[in-house]
Amino acid sequence: RSRDRVNEQVRQLTPRNWGGSLKDCIGRLNLFLRGWIGFFWICSAAEERTFSNLDAHIRRRLRALLLKHWKRRRSIVRRLIRLGIKPKKAWRYIYGEHRSWWAMSHCPPVDRALDKAFFARRGLLSLLVEWHLRTDRVVAPAQLELGLG
């Protein structure tokens, strides 16, 4: 249930019609994610995959939002080229067929240009990294011996 709730909250924090800047959206998301990971940081290592999947989903929501901000396909292609994608690939994937913002947010050139590092530079909090930082700080004390004899 908590996974469903966090997905719903992420959907609310990254609406399709977000008119503000990406920085403001990331700021709102980080505020929520810090609180969420603060509550769930005690999870076992089996939940690493959940944190990783949630990070990927959040980045995809932000990519779709960013593509929508860039509006026209021509603008999207030009920005992808500026971010280091080969022109032929950018043109082929963006103009290849009619795709929604959501579908375009997961095509290879967009994934490569707007990767983890892109969003990390803009300040997006990674749940997986934050979880690792919190769990590495917790060190169990050494076994104590009782002097009973």
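- Between atom NZ of residue K68 and atom OG of residue S100 there is a gap of 10.5 Å, rounded to the nearest 0.5 Å.
- Contact annotation: the side chain of K86 never approaches that of R92 to less than 4.5 Å [non-hydrogen atoms, C-beta and beyond].
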Inset, instruction - Would you please test W102 and L67 for side chain to side chain contact (heavy atoms under 4.5 Å, CB included) and show each step? - result: CA-CA 9 Å; W102 183 250; L67 291 175; over 6 Å; no

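- Cation-pi contact between R28 and F32: absent, since separation from the ring centre below 6.0 Å together with deviation from the ring axis within 45° is not met.
- No donor-acceptor pair under 3.5 Å is formed between the side chain of R99 and the backbone N or O of M104.
- Between L29 atom CG and F119 atom CZ the span is 10.5 Å, to the nearest 0.5 Å.
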Inset, instruction - Might you work through the side chain to side chain contact (heavy atoms under 4.5 Å, CB included) test for N7 and L54, ending with a clear yes or no? - result: CA-CA 8 Å; N7 281 335; L54 193 52; 3.4 Å; yes

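- Across all their heavy atoms, P109 and I85 have their closest contact at O-CD1, 3.4 Å.
- Inter-residue side-chain proximity for L66 and W101 is flagged as unmet; no heavy-atom pair is nearer than 4.5 Å.
- By the neighbour-count criterion of 12 heavy atoms within 6.0 Å, atom CZ of R16 is sparsely surrounded, having that number or fewer from other residues, nucleotides or ligands.
- Residue L33 holds its CG atom at 9.5 Å from CD of Q9, rounded to the nearest 0.5 Å.
- When all heavy atoms are compared, the tightest approach of N30 to L125 is OD1-N, 2.8 Å.
- Every ring pair (Phe, Tyr, Trp, His ring centres under 6.0 Å) that Y95 has, sequence neighbours left out, goes to W91.
- Looking only at distances, a side-chain donor or acceptor of H69 sits under 3.5 Å from a matching main-chain atom of W18.
- Judged by distance alone, with hydrogens and angles left aside, the side-chain atoms of R63 form a donor-acceptor pair with the main-chain N or O of L114 at under 3.5 Å.
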Inset, instruction - For L62 and C25, run side chain to side chain contact (heavy atoms under 4.5 Å, CB included): C-alpha distance rounded to whole Å, both residues' side-chain angles, the deciding distance at 0.1 Å, then the answer. - result: CA-CA 9 Å; L62 290 173; C25 188; 3.9 Å; yes

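- Looking at residues two or more places apart in sequence or on another chain, you find a side-chain hydrogen bond (donor to acceptor under 3.5 Å, both in side chains) between D24 and S21.
- No path of Ile, Leu, Val, Met, Phe, Trp and Tyr side chains, each step under 4.5 Å between heavy atoms, connects I81 with Y93, placing them in separate hydrophobic clusters.
- Within the structure, the side chain to side chain donor-acceptor pair (under 3.5 Å) test picks out the following pairs touching residues 52-61 (sequence neighbours left out): T14-R61, D55-S126, R60-S105.
- Taking a cutoff of 4.0 Å between a charged side-chain nitrogen and a carboxylate oxygen, R5 and E8 do not qualify as a salt bridge.
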